[in-house]
Amino acid sequence: AQKVTQAQTEISVVEKEDVTLDCVYETRDTTYYLFWYKQPPSGELVFLIRRNSFDEQNEISGRYSWNFQKSTSSFNFTITASQVVDSAVYFCALTPNAGNNRKLIWGLGTSLAVNP
Amino acid sequence: DAMVIQNPRYQVTQFGKPVTLSCSQTLNHNVMYWYQQKSSQAPKLLFHYYDKDFNNEADTPDNFQSRRPNTSFCFLDIRSPGLGDAAMYLCATSRQGRTNEKLFFGSGTQLSVL
C-alpha cells in the first residue's frame, strides 16, 4: 500500500521560531519520488521540493531544509526563523515510479500558523 | 506572470444547475489535471488529459466531465451539482506527466452550491 502520513494537523508558532513538519510514507517500491507543496491562504499550491528515493542528501534552500531518511521512511521539512508569510498548509506527497503513474499520493497536510 | 489561470475565482451555482469551470495555461504542458479539494483535506484527482487523451479516475462521479479543446484550455463541467460538490477545484499542469515532474497549479475556483 502507498500512504503518506502527516501526523501534525495544526502547528502554531511565534515568528522567528524554528518549526519542523513531519512526513512519514509507506511504499513497497524501491524507486519513488517525494514532494512538498505549500498552499497559502490564496489557495494556489506551490511546489517546494522533489526528492527521489536514491538521493538521501539533505537539502537546504534559504530558511527551508529537508531531511530525508529512508531508514525511517521520513521526509521532514524544517523552517528556520519562521516568518508570518510562512503561514500556509504544507502537503507532503509521494509518487511511485510505476510506468506512467501520474497520481500523487497526498498527505492530509499540516496547517502552520506563524504569529507575529 | 500567472502560468495556470483559473476563472472565475469564486463561482456560485444552484443545486442541479450545470456549471463550467475553466483553466488555461501558458506553459505549453502536455498534461492538465483537475483536482477537487474540500475543506481541510488533501486534493483529490478527478481526471487528467495527456494531450487529447482523457483519463478518468475510477471514483470520479459521472456528474463530472471535462473537455480540452486545445493545449491551452481545459474545462470542468459539473452537470448537476449537488451540495456535496461544493469545494475548491484546482487545475494543474505538468510537462509530460512523468512521476518525477512537479505540478504547476492555478489559484483554484471555489464553488458554492446553493
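Below, chain A is the first sequence line, B the second, and so on; all start at residue 1.
- Linking ILVMFWY residues whenever their side-chain heavy atoms come closer than 4.5 Å, directly or via other members, places L76(B) and L83(B) in the same cluster.
- Residue L104(A) holds its CG atom at 4.5 Å from OH of Y35(B), rounded to the nearest 0.5 Å.
- The neighbour count for K17(B) NZ, taken as heavy atoms of other residues, nucleotides or ligands under 6.0 Å away, does not exceed 12.
- Applying the 6.0 Å contact sphere to NZ of K38(B) captures more than 12 heavy atoms from other residues, nucleotides or ligands.
- Shown here is D62(B), whose CG atom has no more than 12 heavy atoms of other residues, nucleotides or ligands within 6.0 Å.
- When heavy atoms are compared at a cutoff of 4.5 Å, Q110(B) does not approach chain A at all.
- Of all non-hydrogen atoms in Q39(A) and Q37(B), the two that sit nearest each other are NE2-OE1, 2.8 Å.
- Contact annotation for Q6(A): neither backbone nor side-chain heavy atoms come within less than 4.5 Å of a heavy atom of chain B.
- No more than 12 heavy atoms of other residues, nucleotides or ligands sit less than 6.0 Å from atom CZ of R95(B).
- I60(A) CD1: 12 or fewer foreign heavy atoms inside a 6.0 Å radius.
- Residues A42(B) and G107(A) come closest through the heavy atom pair CB-O, 3.2 Å.
- Most heavy-atom pairs under 4.5 Å with chain A: of the set M88(B), R9(B), Q41(B), this distinction falls to R9(B).
- Residues Y37(A) and K102(B) have side chains in contact (heavy-atom distance under 4.5 Å, counting atoms from C-beta outward).
- For the pair L45(A)/L103(B), no side-chain contact is recorded, criterion being any heavy-atom separation below 4.5 Å from C-beta on.
- The CD atom of Q6(B) sits 9.0 Å away from atom CD of E44(A), with the distance rounded to the nearest 0.5 Å.
- The hydrophobic cluster containing I49(A) also contains L34(A), counting ILVMFWY residues as joined when their side-chain heavy atoms lie under 4.5 angstrom apart, directly or transitively.
- Ranking Y33(A), F91(A), Y32(A) against chain B, the residue ahead of the rest is Y33(A), based on heavy-atom pairs under 4.5 Å.
- Most heavy-atom pairs under 4.5 Å with chain A: of the set P43(B), S40(B), A92(B), this distinction falls to P43(B).
- A single hydrophobic cluster is not seen to contain both Y64(A) and V46(A); linkage of ILVMFWY side chains at heavy-atom distances under 4.5 Å, directly or through other members, places them apart.
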